[in-house]
Amino acid sequence: NLDASALIEEVLAVDEKRRATQTELDNTLAESNKISKEIGTLYKSGKAEEANALKAKTGTLKENSKKLGEVLNTAATELQDLLYQIPNVPNELVPAGNTDEDNEEVFQEGAVPALTEAALPHWELAAKYDIIDFELGVKITGAGFPVYKGKGARLQRALIAFFLDKNTKAGYTEMQVPHLVNEASGYGTGQLPDKEGQMYHLELDNLYLIPTAEVPVTNMFRDVMLNPGDLPIAYTGYTPCFRREAGSYGAHVRGLNRLHQFDKVEIVRVEHPDKSYAALDGMVEHVKDILRDLKLPYRILRLCGGDLGFTSALTYDFEVFSTAQDRWLEISSVSNFEAYQSNRLKLRFKDENNKTQLAHTLNGSALALPRVLAGILENYQTPDGIKVPEVLVPYTGFEMID
RNA sequence: AGAGAGGUGGCCGAGUGGUCGAAGGCGCACGCCUGGAAAGUGUGUAUACACCAAAAGUGUAUCGAGGGUUCGAAUCCCUUCCUCUCUGCCA
């Protein structure tokens with residue numbers, strides 16, 4: 001839904017200018033390099049006078065190259081700024097549309113539990129069983145920073161461990177990565193400059209709190225040249241995520257629905273371009289498998305152009321249905337970025353013909369905790385308390401929150 | 001945080017103003033040698049950008065990064081990042 005034609009016209013014009021300037025600069029520098037060499041030779045053979053005569057000639061060359069250098073720098077910066085404003089090109093499968101209403105449902109599975117009239121939304125359940133304290137978080141930090149207590153905390157830890165185990169069994173290597181990243185990393189995965197205001201920024205050290213593990217994990221591959229045998233790469237990692245969520249309000253931020261700090265287990269893949277879409281399908285199947293284990297009713301949406309992220313070519317969102325809230329909650333987003341991030345990251349590999357080409361990057365949540373937790377609390381509630389999903393019991397050590 | 005030392009190609013390492021994209025070694029690739037291998041030996045071995053329809057080729061830039069001095073910088077100066085050693089602090 002973005003008409004980039006004006007931008008692209010500009011890119012082409014600036015690029016042409018850049019190339020012309022570079023050619024001119026290169027020629028000027030070549031000339032002055034040549035003269036410098038001659039001067040050296042002349043000094044060596046004791047012809048100081050001739051050398052000094054040549055020196056005079058370099059003055060204007062130097063002036064010119066300085067000017068051209070500035071023009072070139074300006075053009076290069078301008079070009080980069082323009083390119084940073086152009087989002088990825090959507091895949092052909094991406095449906096046309098403007099808002100989340102235009103997203104295309106491609107899959108649905110799992111029975112929605114029949115709840116009694118007395119069914120409560122998760123924020124009330126959290127208070128009733130004293131497992132999440134939102135007010136306490138407000139006191140310590142502010143809105144959107146909940147405190148998980150007792151069995152609530154344990155359930156969080158259980159989910160993280162369960163997700164990491166599932167991912168590792170599916171071939172993802174577990175990583176622990178920094179939660180703070182530098183500016184270059186922000187640009188590498190495309191959060192900067194697009195989402196400048198959405199990240200917490202530590203000005204003193206010029207570092208950003210990560211909004212997702214995607215940033216540190218994918219940036220491991222910044223300025224990297226891989227060998228053909230290195231692909232595919234599959235990593236998983238748990239991190240807290242920090243988002244300012246400027247502009248959010250109302251019922252959508254109630255309880256766990258939208259937080260400034262939340263936990264997420266992420267999966268990241270680096271793939272050969274020929275195989276990235278097969279990998280994307282594999283990731284979707286993997287997330288399905290997790291949700292089946294948890295026995296949560298969910299659906300999968302193919303995001304329309306208007307809802308698609310800036311850097312993504314194709315995204316599938318997973319949503320869990322919460323009867324108590326009577327709405328779908330987004331719990332995972334799985335995307336193929338094709339070469340968009342690689343281009344910024346300079347993540348390349350030598351292909352079968354020993355040619356360098358950009359790799360494809362993909363990532364997805366497997367899974368984001370708060371809304372999974374909300375879904376569990378709301379869908380698993382009974383008059384006697386909240387049942388813990390069977391697969392989580394070995395991790396929690398208890399079967400009931402009451 | 002303070003004081004000192006240092007950051008050179010895939011790796012080790014030489015290089016204190018010109019002929020240095022960079023000696024030498026290791027590694028790697030190909031060839032010779034061999035029945036085959038090792039050893040030996042020869043050749044080659046970075047990236048980006050621009051010009052060219054393309055290949056070949058040519059030019060430019062790159063010795064952590066950015067800036068400066070100079071006709072000319074890996075080499076001198078400034079800023080900055082990182083690493084190591086000692087001291088301090090400390091989960």
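Below, read A as the first sequence line, B as the second, and so on, with proteins coming before strands; counting in each chain starts at 1.
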Checking salt bridge (Lys or Arg N to Asp or Glu O under 4.0 Å) for the pair A:D15/A:R19: CA distance, chi angles, key distance, verdict? CA-CA 6 Å; A:D15 182 55; A:R19 292 200 331 268; 2.8 Å; yes

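- Rounded to whole Å, atom C1' of B:C51 lies 14 Å from atom CD of A:E16.
- Nucleotide B:U58 forms a Watson-Crick or G-U wobble pair with B:A50, both donor-acceptor distances falling under 3.5 Å.
- In this entry B:C89 has no Watson-Crick or G-U wobble partner, no candidate having both defining distances under 3.5 Å.
- Using C1' as the reference atom, B:G40 and B:U34 are 11 Å apart when rounded to the nearest Å.
- If you check every strand for non-hydrogen atoms under 4.0 Å, A:I39 touches a base.
- By the 6.0 Å contact criterion, CD on A:E285 is enclosed, its count of non-hydrogen atoms from other residues, nucleotides or ligands being greater than 12.
- Regarding A:N73, its CG atom lies at a distance of 16 Å from the P atom of B:C49, rounded to whole Å.
- One can place NZ of A:K346 at 12 Å from C1' of B:C49, the figure rounded to the nearest angstrom.
- In this structure, CG of A:L68 is placed 14 Å from C1' of B:A50, rounded to the nearest angstrom.
- As judged by a 4.0 angstrom heavy-atom cut-off over every strand, A:N27 is placed among residues making no nucleic acid contact.
- Under the side-chain hydrogen bond (donor to acceptor under 3.5 Å, both in side chains) test applied with A:Q341, the options A:T218, A:T361, A:N219 reduce to a single match, A:T361.
- Annotation: of the two residues near RNA chain B, A:T23 and A:G40, the 5′-most nearest-nucleotide partner is A:G40.
- Here the side chains of A:K346 and A:F221 are not in contact, with every heavy-atom distance at 4.5 Å or above.
- For the pair A:L79 and A:V11, the minimum side-chain heavy-atom distance is below 4.5 Å.
- Atom CG in A:D205 sits roughly 15 Å away from atom C1' in B:U80 (whole-Å rounding).
- Under the Watson-Crick and G-U wobble criteria, each requiring two contacts below 3.5 Å, nucleotide B:G72 is left unpaired.
- Each of A:A20 and A:L29 has a nearest nucleotide on RNA chain B; the 5'-most of these lies closest to A:A20.
- Rounded to a whole Å, the CG atom of A:D223 is 12 Å from the P atom of B:A48.
- For A:K151 and A:F398, the positive end sits near the middle of the six-membered ring, less than 6.0 Å away and at most 45° from its axis.
- Computed from coordinates, the A:K34 NZ to B:C71 P distance equals 19 Å when rounded to whole Å.
- Between B:C30 and B:C82, the distance separating the two C1' atoms is 39 Å to the nearest Å.
- Residue A:R19 has no polar side-chain atom (N or O) positioned under 4.0 Å from OP1 or OP2 of B:C49.
- A gap of 14 Å separates the P atoms of B:G67 and B:A73, to the nearest Å.
- With both pairing distances under 3.5 Å, B:A37 is matched to nothing as a Watson-Crick or G-U wobble pair.
- Going from atom NZ of A:K37 over to atom C1' of B:G17 covers 15 Å, rounded to whole Å.
- Proximity of the aromatic rings of A:H360 and A:Y277 is defined here by a centroid distance below 6.0 angstrom, and this criterion is not met.
- Nucleotide B:C28 is matched to B:G44 when pairs are restricted to Watson-Crick or G-U wobble geometry with both distances under 3.5 angstrom.
- Picking from B:A61, B:G18, B:A50 the nucleotide with the shortest atom distance to the side chain of A:Y43 gives B:G18.
- For A:E105, the CD atom sits in a packed shell: over 12 heavy atoms of surrounding residues, nucleotides or ligands are nearer than 6.0 Å.
- B:A37 and B:G24 have their C1' atoms separated by 28 Å, with the value rounded to a whole Å.
- A:H272 and A:F349 have their aromatic ring centers within a separation under 6.0 angstrom.
- If you check B:A23 for Watson-Crick or wobble pairing at under 3.5 angstrom, you find it has no partner at all.
- Across the P atoms, B:G18 and B:G10 are found 25 Å apart, a figure rounded to whole Å.
- Scanning residues 54-67 of chain A for heavy-atom distances under 4.0 Å to RNA chain B yields A:K55, A:T58, A:K62.
- In this structure, B:G6 and B:C82 make a Watson-Crick or G-U wobble pair, each of the two defining distances being under 3.5 angstrom.
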For the pair A:K288 and A:E109, evaluate salt bridge (Lys or Arg N to Asp or Glu O under 4.0 Å) and give the outcome as yes or no after the intermediate values. CA-CA 9 Å; A:K288 276 184 184 175; A:E109 186 176 51; over 6 Å; no

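- The gap from the C1' atom of B:C26 to that of B:U83 amounts to 23 Å, rounded to the nearest Å.
- Taking only side-chain atoms of A:R18, from C-beta outward, the nucleotide of B:C49, B:U60, B:C71 with the closest atom is B:C49.
- On the C1' atoms, B:G2 is 33 Å away from B:G15, given to the nearest whole Å.
- Across B:G18, B:A61, B:G59, the shortest atom-to-atom separation from the side chain of A:D26 is found for B:G59.
- Nucleotides B:A22 and B:G59 have their P atoms positioned 12 Å apart, rounded to a whole Å.
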